[in-house]
Each structure stands twice: as C-alpha cells, then as structure tokens.
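When reading the values below, keep in mind they use all heavy atoms of this one structure, side chains included, and skip hydrogens, waters and symmetry mates. Order of appearance sets the numbers: ligands from 1, and atoms from 1 within every ligand.
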Amino acid sequence: MTAATDDRTEDAGGTAGDEAEEAPVRSRKNGLYPALSDELAEVMKSGWDDTELHDLLPAEQSAYAAKRRAALSERFPGERLVVPAGRLKTRANDCDYPFRPSSEYVHLTGDQSENAVLVLEPRAGGGHEAAVYLLPRSDRENGEFWLDGQGELWVGRRHSLTEAEALLGLPTRDVRKVVAELAATADEQPAPTRVLRSHDAELEAALAEHTTKHGDEELRVFLSELRLVKDEWEIGQLQAACDATANGFTDVVRELAQAVATSERWIEGTFFRRARVEGNDVGYGTICAAGAHATTLHWVRNDGPVRPGELLLLDAGVETHTLYTADVTRTLPIDGAFNALQRRIYDAVYDAQEAGIAAVRPGARYRDFHEAAQRVLTERLIEWGLLEGPLERALELALQRRWTLHGTGHMLGLEVHDCAHARTEEYVDCVLEPGMVLTVEPGLYFQADDLTVPEEYRGIGVRIEDDILVTADGNRNLSAGLPRTADGIESWMSGLRG
Ligand code: GLY
Ligand code: MN
C-alpha cells in the first residue's frame, strides 16, 4: 500500500494558496518528498478535463427515502433534526477502517457518503426543508485532490454536489460548512434541535453549545421503529441479499475439500469473496464453526480445523450494495452425510424451525414463533431423557435454555439485528404486520464439557436460520433458495461435490 500522505509536507498547504487552509491536513512523518515546489503546485492545478456528469436521474430508492423523511418530519414538527452518517475511523497513521454509514442516514437518504450529515430544518409554515451536507469534489486549486489523504486521487472520484443532488433528489451543501450553518440558523431561528448521537463525535462536540441532549433518545427510537415495516423496495433488496447468500453457501460446499485441507478460514474467505463480488460486504462477521465450535454462538475466530465426520455450522449473510443484509445459517455434514445422532438432533431443530415459521403471520404476536420453536425443542429434550418433564413445567422454568441458549430470531434489514432501539411494545411485544422481516433460527448446542448429556452428544451444535417476510396472508421464506431438510442438504451437497 502506498502512503497516502507521503507527498504532503507541512509547507505543502502554505505553497498551494489560501484555500488550502480549508483542506484537511494530515502531515505525516517520513514522507519521501520533503517539500512541494511552487512550480509543481502550479502545474498540478490545470490540464484536467471537465468530468461533470449531466442528466443524472434520481436513484431508485430516492422516492422511498423521501417518504421516510416525510414520516420523520411529521413526528417532530417545528424541530431541527440532525442525522449524521458517521466518520472514517483511523486504523493506523493515514489508513482507515472500511467505512459503513449509519443505518439511519442510509434509510433516510439512500446515500452512503462518509462524514455526511442530513439536516431537516423546520419551515415556518410547517414541515421541514431537508438538505444533505456532503464533501464536494476535491479542489484542484489548493492541491487537496492529490495532497490530502482523502483527496480524489487517493480514494477515488466523488459525486459533485450537483450530481448528488440529482441522484438523491435532495438539496446538497458542502459539509465543511455544516457547523457554521447550523450555528447561524440556531441563532437566527431558535428551534429545539435533536441530534442522532454516537455516530459523529466531532460534529456533536462542534454543536455542543447549540444543542442539549434532551429528546435525542426519542429520535433514535423513532428512527429504529421507522425500519420495522419494510417497503417493497427494501423487500427486493433483502431478497437479493438472500439470493447472493445462497450463492455464497453453494461456493462453500464446492470448496469444502480445501477447507478440510486448511481450516475454517477457507470457508470465511470463500463466502467473503461472494459477498464482495455480488454485494458490498458481509453483513456481520461470518460464523464458520466446525465441530465443537458450533456450540459457541458467535464463533468468528474461524481458526479451527474442518474434519470429515463432524458438522459445520455456517452462519453468514451478504450485504447488498445498498447495505441490506441476509442472515442465514445452515448446519452441514462435512463429509456430506449426517450420522444417526447428528440427524436426530438436526431433525429436532428442523421441526422447531418449521413450527416457528408456521407461527409467522400478520396478527400473530412476535413472541409466537419463539414459543412454538421452544416447545418443540423442549419436547425432544424430554423425549431423549435429557430434561425432566412435564413439558409445561419445563417450559415455565425455561429449562431447555441450557441447550437452546438464545432467542429464536430477530428483526432483519439494514442491520443484522435491525431496529434494536425500538421500544419493547413495538418490537418483542408487538403484533406482526405485513412487511416485517425476521429471522427464525432455533438451535441446539451441546457443549464439549457438558457432563449432563451422554458423551456422544458433546460437541454437537445445530442451528437452522431463515429470513422470513410477513405477507398479507402468512409469510414468505426469502432464503428458501437453500435446502433445509436433512435429506435436502445431503442431496444438494452431493450434487455440488460431484
Ligand atoms: N447471525 C448472528 C446472529 O443472529 O446473532
Ligand atoms: Mn440471526
């Protein structure tokens, strides 16, 4: 990797004119160029073609984002609302972590720019004027485009403010002026200001004297609840995420022999390649858990061996280019065939998932799918002699949790655990509505050191997870592209491995 600020010296800004003071300066020790000559600074200013893009049409999601902003405006009349995308986070020196904008900002704008801010300014006559503050194209006059680590010659072309305005269907402004403009309007037209916190500490600090934190949590909660019911465009994105995820699982099965020869990391890399080619990224750290690692719920170290005869629990999701993620789990026999005990445990989890999926329909309580799945698992645990009955008593005490461990699902969308800030009555205590998307993911996990189960159970973990859309008359499994029954898994694997 080339050092982004190799060329920037402390005097580079000085030689490139007054404007340079506005450009971010990240001086770096040990650059190979000690100084920038006036002649070079001058020569770099000109000789560049005009690449402005004209006649851009609004992006597909812009109309949906406008509806979401209208709902936000209606909920907080007369108030100034500030929703940041978040900032780049330095990894080391002039290298940053990959950027992922806040889900709230993406949901309300369809944009993914770093350091951006959405502002809804209350209008005197009611409603709000929305504007997005963005970093414009890099300045050629002050040298920012090639001397700064965030200049376009280092990180790639950005949209001009005019281009972004056409794509987003929203007025755009220079983000370097956001604090001054917010401060000026706060003085001229005082209004309660709510800021979505925890995404942009620098912005929060700069606005400190113009804002209180009063009511900010309410804004966060509202924006989380605004995502509970997905619109048709979002459902299309989640379907695309599931389809790409199915391709990723297929890749993994095709490459299982290489994983056996190496480690769980091969599986992680295989799925990641598909996620980056068909989407933006993985939606969360891929869980590649072979053998007893399957009993660790969020096993993301992925550094263990992959052994024939054992199971592989793969929990993975592709995040689309628009940042919607799938969340799918399949538990696969590494050598292609379940043994009798693996199949018995697998079938119990499958039956629990079937019961859970059947309980997902409009008008049902959110908790119903969880309770239906837990009932089946508890019945089986009693049947196998691992748990004492009667069933109702065991369920009342939730004794099955020693082996089922987690809740049976969660909302899904722009985040893997979506809508996390919604009020309890709107989420776990809600009644399901068409457009909600949730995972149904029961599991059974027998830890390697669990002395309360027969030895042959120890080290076996099974989870099956699908992404379920609530429809007008029931549900649709968005991840149905992958087989789920034990027989279906075996024949799918055998077809892929030849
Ligand atoms: N896929 C990980 C989880 O749902 O926690
Ligand atoms: Mn999940």
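- In terms of protein heavy atoms, atom 1 (N) of ligand 1 is closest to Asp327 OD1, 2.8 Å.
- A salt bridge does not link Asp467 with Arg476: every distance from a Lys NZ or Arg NE/NH1/NH2 to an Asp or Glu carboxylate oxygen is 4.0 Å or more.
- Each of the following atoms of ligand 1 lies closer than 4.0 Å to a heavy atom of His298: 2 (C), 3 (C), 5 (O).
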TODO: With ring-ring contact (aromatic ring centres under 6.0 Å, His included) as the test, would you mind laying out the steps for His406 and Tyr445 before giving the verdict?
DONE: CA-CA 10 Å; His406 55 82; Tyr445 312 92; 5.4 Å; yes
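- Nearby protein atoms of type N, O or S around the Mn ion (ligand 2) amount to 4 (distance under 2.8 Å).
- Residue His417 has at least one heavy-atom neighbour below 4.0 Å for each of these atoms of ligand 1: 3 (C), 4 (O), 5 (O).
- Between Trp233 and Tyr324, the two ring planes are perpendicular [angle over 60°; tilted spans 30° to 60°].
- Residue contact check: His410 has heavy atoms under 4.0 Å from atoms 4 (O) of ligand 1.
- Atoms of ligand 1 found under 4.0 Å from any heavy atom of Tyr284 (numbered from 1 in listed order, with element): 1 (N).
- Proximity of a side-chain donor or acceptor of Gln112 to a complementary backbone N or O of Pro101 within less than 3.5 Å is not detected.
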- [ ] Evaluate the criterion salt bridge (charged side-chain N to carboxylate O under 4.0 Å, His left out) for residue pair Arg227 and Glu234; output intermediate values, then yes/no.
- [x] CA-CA 10 Å; Arg227 303 207 305 271; Glu234 290 180 293; over 6 Å; no
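- For Trp492 and Phe249, the distance between ring centers is not under 6.0 angstrom.
- Contact of the Thr329 side chain with the Asp466 side chain is not registered, since no non-hydrogen atoms from C-beta on lie closer than 4.5 Å.
- Under the 4.0 angstrom criterion for non-hydrogen atoms, His406 is not in contact with ligand 1.
- Listed by chain and residue number, Thr322 satisfy the side-chain hydrogen bond (donor to acceptor under 3.5 Å, both in side chains) test with Thr320 (two or more places apart in sequence, or in another chain).
- Between Trp384 and Tyr457, the angle of the ring planes lies from 30° to 60°, which puts this pair in the tilted group.
- Interface of Asp315 with ligand 1, defined as ligand atoms under 4.0 Å from a residue heavy atom, comprises 1 (N), 2 (C).
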